[in-house]
Amino acid sequence: MHNLDLAAYLRQWLAMSDVAPLSFQDLILTLHDYWGKQGCAILQPYDMEMGAGTFHTATTLRALGPDPWNAAFVQPSRRPTDGRYGENPNRLGAYYQYQVILKPSPPNLQELYLGSLKAIGIDPLLHDIRFVEDDWESPTLGAWGLGWEIWCDGMEVTQFTYFQQMGGFDCKPVSGELTYGLERLAMYIQNKDSIFDLVYNNATADRPAVTYGDIFRENERQMSTYHFEVADTDMLFDAFKKATAECESCLQHGLPIPAYEQAIKASHIFNVLQARGVISVQERASYMGRVRDLAKGSCQAWMDKNAPDWNSRHPSWRAA
Amino acid sequence: MDSRMRGNDNGFGRRGFNMTDFLLELRSEEIPARMQLKAKEDLARLFNDALAKAGLAAASVETFATPRRLALIATGLPLATEAVSEETKGPKVGAPPQAMEGFLRKTGLSQDQLVERDGVYYAVVEKAGRQTADVLAEAIPAIIRAFPWPKSQRWGAASVSTESLRWVRPLQGIVALLGDAVVHCDVDGIVSGAETMGHRFHHSGVVTIGNAGDYIEKLRAAHVLVHFSERCRIIRDGAKAAAEAAGLTLVEDEGLVIENAGLTEWPVPMLGRFDAAFLDVPQEVIQLTARVNQKYFVCHDAAGRLANAFVCTANIDAHDNGAAIVAGNEKVLAARLSDAKFFWEQDLKVALEKQAEKLKDIVFHEKLGTLAERVERIARLARWLVDTGVVKGADPDLVERAARLCKVDLVTGMVGEFPELQGLMGAYYAAAQGEAPEVVAAIRDHYKPVGQGNEVPTAPVTVAVCLAEKFDTLVGFFFADLKPSGSKDPFALRRAAIAVVATILENNLRLNLRHCHVQATQHLVFDKIQREIEGRASNFTRVLRDENIEIHRAEDLFRARAVQKTIDLELEDIFDKPAIKVSSELGAFFVDRLKVQQREAGVRHDLIDAVFSLGGEDDLVRLLARVKALQAYITTAEGANLLAAYKRAANILKQADGVDAAAPAPADLVTEELALLTALNTAEPKAAAALSVEDFEGAMAALASLRAPIDAFFEGVMVNDPDPAKRAFRLGLLARFRDAVTQVADFSKIEG
């Protein structure tokens, strides 16, 4: 009897001590605070449409070369084909990734990551946190790495990757990359069944809270309609061509960053064309190959431009 | 580990004063579950090899694996290797001085250090025994560097060089204890010691190990079960118990047990539930998403139906007894199942005929057209197999229907999400739209058998579709010159051929493989040829017109034929020649697969060759019956004698020139000649008659009757008689003997 009472008491105590879960924006602010204190530069999102945080130059280009680099940022990520007109509670055509990159990967990277989970309110003795094999490869970026997807009670909440190659070049040294799926994590923390019900911020006495749906549902509806039904494919094919030409021109002028931006642009246009369903299976591979060549060319140019400087400061370092 | 090892802390081990135990633990970030069992084996092998190289051996070696560590305990290791003296033989006494100089240079000795024995110099090098600790200190880094992980990576500051250490995930610590003492080594800055870590969440701070004997229990106290098998047992029993406690039966799955054991150091199986409304979705889908995506077990209810429950395996003893973990896992599974339910309901809304239109947009292979074209070929070939009586008892219309629908599920949402369910989902959708049960079964099973031991289809409609599908694949890729080579078989053609062989034998199908190949090739290039012919026909008319040839004029008829002939010749190049090439290549390919397939049944590959190389035999059922009869006979003493006689005869004939089997008999026949002649006269027609009714035992018996006369012939007669007439007759007899044997099998291919 005594034991049962104790258990009941503990449950009650836990329920009472339960603080309100983090809102979506507090989740981001907490991660900013946490990674900022770990010495990461807190960057702003890249101001271009891209499919994942990995495309941010702070990840791709900075993963190359010998200089240390530690940064964290939110990256809005666009996946036109994943749009569901705001109807599916688990899928979005545009969402947010929280991205951390640490170069070289520190020996305690797993502990740092677990610390961030604790910071956002996930108790690893109450929730089952697991590192499940998941190797990462991006043919578009000519990149690969080994790592895990992190499970929290069976749900994938983060991708954890040790970059081995980027743009076809060996990463020397290796970076550790963390990509948190912010909406999923927030759904978990807030115990919601729909992305659109997520609490975005907390109400104050005189100002009501808003939900994720209040802010983004209409965007999902309109952008889905645009991507699936309206987007002018002739214009897009033309834009793809122009972006590739512009990228090549930038490469000829020895300008890797603007070249890379054009590669990202071409990649996004390709994604919209995919959503419009106008790219056949056979063409798909050749479009992806074009984007890969642009991205790799930009990485190559980045290496070429920086190699003299890197070598002067790190005499033993070699690109290949 | 057993209790004998515990408290074994005197540093010398229990096996005696000069023996001790060794512990090695390689601690890393999470090792993929699928790699752990193989890693255990590799560690034991590399360790034993390293010991053997140093002249050491352990009494026992046991290995352990968890997500975060790979470990090994060796017992009964000597503390040092024994001293050995190695002797190298040198030049003889009195050998040229150059030889001696060379030998001294090689050994690094001077001549007075050599030992002379029986007129030969020997170099004797005394090798002192080495401390085992020193041997291990060298072996550990070597083992780590040579470890054959399927994939490995670099990490951290050291990875500024691509030469830096590689491991499956970052290596974090090494425990190396010989007795109570640390074996000192340093692998890329990771220094060995006695300290390790316990469970990631249940234990904080380091765990200091005293020696091999207390490793397992100290880690157990830190919530780590290092025995892979112990974790498997806990998962197996715990999952079963969790299901039983809910009045359910666990669907056992040893693969899942092992995978979960590879994901946990402290496994805790727990039962969760999902909404019973999801049970509308086919149970294979539920089981697959639970198993593959979430690594959950599923359960059956008392009636043997899938229950709305699952068992997940956590890696912690949560302080709420797992309530939050179960709730979280339930939510994740619910989201996955609602996706699956969505696909299921969407797919059911579209008739399969309508879905089939999408097959036109999917390229099967760039050289082999779209999936729609492939389906058309399969449908025609399947029907042909029934129409020609190869597959009996199947309704040809149902066969064609099944063939046309068998690939449609590839464009459904469900198979897009779960490719493993191809075939099965097609069957569900076909049943839902009221297709005949034979059609449903054929759609479901037409990929089978997918490996040796997998169930072989026997329902006639299924068999027809199944064979047609595989013939189309095999002929297609051979036609496109994409044959398997070496270890590369990207289109799984070997598996397809074995499946064909198994299906033919299991169903006792009498078919001529060559006809099937030609038929499949025809379908493959049918459209192409059709287009060619149409093109050429108009070409033909144009040529006739251009050259002012009018066919009603008799003399022009010949010119017209000549024009047509060149066109025919070109068609032959496009079609006949490749078709013949494909057919003969595939014939040999099938026989190779038959050998592999029959190896387990103990059928000798050389006997398969002996029958196959006669040519013309590509009815696999008959071929195998012949081989079996041959094997039964050839493995008897009498068969072995007949084989020996055959080889002798063949050798003699090979050296002779101008052999004539019909050479006339001289007047004075010796007994042995007469006996062999009589025996051949009887045996030849007997063997031929038996063969014509596929009585291979009878044919063997006819050959057996030649054994005594041929032995007596070799015993009593000299073949190469000086008299040319006698010699010619005797060679002729041998030729007849050889040919009689060869009717049944090409004995020259038989080994031994």
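Lettering follows sequence order; numbering is per chain, from 1. The analysis underlying the following values was restricted to heavy atoms, covering all of them including side chains, and did not include hydrogens, waters or symmetry mates.
Heavy-atom distances place both the backbone and the side chain of Lys151(B) under 4.5 Å from chain A. No part of Glu330(B) comes within reach of chain A, as not one of its non-hydrogen atoms sits under 4.5 angstrom from that chain. Both the backbone and the side chain of Asn191(A) have a heavy atom closer than 4.5 Å to some heavy atom of chain B. Arg336(B) does not touch chain A: none of its heavy atoms, backbone or side chain, sits under 4.5 Å away. The part of Asp339(B) that comes within reach of chain A is its side chain, from C-beta onward, which places non-hydrogen atoms under 4.5 angstrom from that chain. Using a 4.5 Å cut-off between heavy atoms, Pro107(A) contacts chain B through its backbone alone, with no side-chain atom that close. Using a 4.5 Å cut-off between heavy atoms, Ser152(B) touches chain A through its backbone atoms (N, CA, C, O) alone. Only the backbone of Val168(B) comes within contact range of chain A, with at least one heavy atom under 4.5 Å from a heavy atom of that chain.
The closest donor-acceptor contact from the side chain of Ser105(A) to the backbone of Gly156(B) lies under 3.5 Å. Between the side chain of Glu30(B) and the backbone N or O of Val132(A) there is no donor-acceptor pair closer than 3.5 Å. Between the side chain of Arg154(B) and the backbone N or O of Lys172(A), no donor-acceptor pair lies under 3.5 Å. Judged purely by atom type and a 3.5 angstrom limit, Gln294(B) uses its side chain to pair as donor or acceptor with the backbone of Gly154(A).
Between Thr313(B) and Asp128(A), the shortest heavy-atom distance links the atoms O-OD2, 4.0 Å. Of all non-hydrogen atoms in Ala335(B) and Asn90(A), the two that sit nearest each other are CB-ND2, 4.1 Å. Minimum heavy-atom separation, Ile316(B) to Pro124(A): CD1-O, 3.4 Å.
Remark: His319(B) NE2 to Leu126(A) CG distance equals 4.5 Å, nearest 0.5 Å. Interatomic distance, Phe169(A) CZ to Thr162(B) OG1, rounded to the nearest 0.5 Å: 13.5 Å. Expressed to the nearest 0.5 Å, how far CG of Asp123(A) lies from CZ of Phe201(B) amounts to 9.5 Å. Within the model, atoms CG of Asp320(B) and NE2 of His127(A) stand 8.0 Å from one another, a figure rounded to the nearest 0.5 Å. To the nearest 0.5 Å, atom CD of residue Gln164(A) and atom CZ of residue Arg166(B) are 6.5 Å apart.
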Set out, in order, the CA-CA distance, both residues' side-chain angles and the distance that settles side-chain contact (heavy atoms from CB on, under 4.5 Å) for His314(A) and Val160(B), then state yes or no. CA-CA 10 Å; His314(A) 309 269; Val160(B) 73; over 6 Å; no

Criterion side-chain contact (heavy atoms from CB on, under 4.5 Å) on Thr264(B) and Arg130(A), from CA distance to verdict: CA-CA 8 Å; Thr264(B) 48; Arg130(A) 225 81 74 70; 3.7 Å; yes

Would Asp153(A) and Val332(B) count as a side-chain contact (heavy atoms from CB on, under 4.5 Å) here? Give the steps. CA-CA 8 Å; Asp153(A) 299 337; Val332(B) 179; 5.8 Å; no

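Here Trp148(A) is the residue among Phe131(A), Phe163(A), Trp148(A) with the most heavy-atom pairs under 4.5 Å with chain B. Note on Pro106(A), Gly147(A), Pro66(A): by heavy-atom pairs under 4.5 Å with chain B, the leading option is Gly147(A).
Note on Asp134(A) versus Arg169(B): no salt bridge recorded, every NZ/NE/NH1/NH2 to OD/OE distance being 4.0 Å or above.
Within residues 108-116 of chain A, the residues that have a heavy atom under 4.5 Å from a heavy atom of chain B are Gln110(A), Glu111(A), Leu114(A), listed by number. Scanning residues 175-187 of chain A against chain B with a 4.5 Å heavy-atom cutoff picks out Met187(A), ordered by number.
Taking the side chain as every heavy atom from C-beta outward, Glu29(B) and Tyr162(A) approach each other to under 4.5 Å.
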